[in-house]
Amino acid sequence: MFRNILKPIVAAATLVVSLAATPVFAQDEGDNRLDRLMQQLSQATPQEAQRLEDEIRLEWDRSGSPSANLLLDRGRKAYGAGNLQGAVDHYTALTDHAPDFAEGWVGRARIFYDMDEYGMALADLERAIALNPQHFDAISGLGLIFETMNRQQDAYEAYTLVRSIHPNHPAVTEALDRLERAVKGQTL
């Protein structure tokens, strides 16, 4: 069932990773910066990776809309205060207001996961990845949900995809080490 979700994501992300080295001429400065950061991340040392990861997340947080920024901030604050329903409400308003802003979908998915609403979390992550196929946090979230649902093979594939984008992601490295034993003998 979940392979139907993962296969198009893997195909899209693989295409994006392969196109990352291709020159693109009609992009704005923010897109070019993000592309450069993603390229650097794929080749970074572990020491450089954390700084690049932080810079990438700052770029992902740029919605281009003061209203969307406000909703993102309110959703994060509600989540941080433990108000899950309030956070869902803010993130839902954000995804309604800015449906092409991946961070709204990723944020709401995190809350749905915490509420044990895995189907809703998967749907939001699928949307986020469709918007940003290199969103290593969203793909890692898929891996976490699959792992929670005892879908080790799917989790392993998701984490492997994250590693192709972000080779030094510490949580993913740990997850792959843990899952490798569980999926040995199965076709990877």
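- For the pair Thr95 and His97, the minimum side-chain heavy-atom distance is 4.5 Å or more.
- No salt bridge links Glu48 with Arg51; every basic N to acidic carboxylate O contact stays at or beyond 4.0 Å.
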Show the numbers, then the answer: is there a side-chain hydrogen bond (donor to acceptor under 3.5 Å, both in side chains) between Asp154 and Gln152?
CA-CA 6 Å; Asp154 291 328; Gln152 285 89 359; over 6 Å; no
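- Annotation: Phe101 is not in aromatic contact with Trp60 [ring centroid separation under 6.0 Å not met].
- Residues Ile139 and Pro133 come closest through the heavy atom pair CD1-O, 3.5 Å.
- Between the side chains of Glu147 and Tyr159, a donor-acceptor pair is found at a separation under 3.5 Å.
- For Asp73, the side chain to side chain donor-acceptor pair (under 3.5 Å) criterion is met by Lys77, not counting sequence neighbours.
- Under a cut-off of 6.0 angstrom, the local environment of CZ in Arg74 is sparse, with at most 12 non-hydrogen atoms contributed by other residues, nucleotides or ligands.
- Within the 4.5 Å cutoff, no side-chain heavy atoms of Asn168 are placed close to those of Thr45.
- Side-chain contact between Asn132 and Gln134 is present, with at least one heavy-atom pair separated by less than 4.5 Å.
- Here the side chain of Asn69 pairs no donor or acceptor atom with the backbone of Gly64 at under 3.5 angstrom.
- There is no path of hydrophobic side-chain contacts, each under 4.5 Å, that joins Ile145 to Tyr79.
- Using a 4.5 Å heavy-atom threshold, the side chains of Gln50 and His169 count as separate.
- Residues passing the side chain to side chain donor-acceptor pair (under 3.5 Å) test with Asp177: none are found, sequence neighbours excluded.
- One hydrophobic cluster holds both Met38 and Val172 under the rule that ILVMFWY side chains link at heavy-atom gaps under 4.5 Å.
- Using a 4.0 Å cut-off between charged side-chain N and carboxylate O, Arg57 and Glu53 make a salt bridge.
- Taking hydrophobic clusters as Ile, Leu, Val, Met, Phe, Trp and Tyr residues chained together by side-chain heavy-atom distances below 4.5 Å, Leu58 does not share a cluster with Leu70.
- Distance check: Gln40 CD to Asp35 CG gives 11.0 Å after rounding to the nearest 0.5 Å.
- Note on Leu125 and Leu161: same hydrophobic cluster, where clusters join Ile, Leu, Val, Met, Phe, Trp and Tyr whose side-chain heavy atoms are under 4.5 Å apart, directly or indirectly.
- Checked by atom type and distance alone, the side chain of Trp105 never pairs as donor or acceptor with a backbone atom of Asp100 at under 3.5 Å.
- Between Tyr118 and Tyr113, the angle of the ring planes lies from 30° to 60°, which puts this pair in the tilted group.
- Salt-bridge check for Asp89 with Arg108: failed, with every basic side-chain N at 4.0 Å or more from each acidic carboxylate O.
- Considering only heavy atoms from C-beta on, Leu131 stays 4.5 Å or farther from Glu126 through its side chain.
- By the criterion of side-chain heavy atoms lying less than 4.5 angstrom apart, applied directly or through intervening Ile, Leu, Val, Met, Phe, Trp or Tyr residues, Val183 is grouped together with Met149 in one hydrophobic cluster.
- Residues Ala87 and Ile111 share a closest heavy-atom pair of CB-CD1, 3.3 Å.
- For the pair Glu103 and Ser63, the minimum side-chain heavy-atom distance is 4.5 Å or more.
- Closest approach of Ala49 and His166 over heavy atoms only: CB-CE1, 4.0 Å.
- In summary, the side chains of Asn83 and Gln85 do not present any donor paired with an acceptor at a separation below 3.5 Å, with no hydrogens or angles considered.
- No side-chain donor-acceptor contact under 3.5 Å links Tyr91 to the backbone of Ala109.
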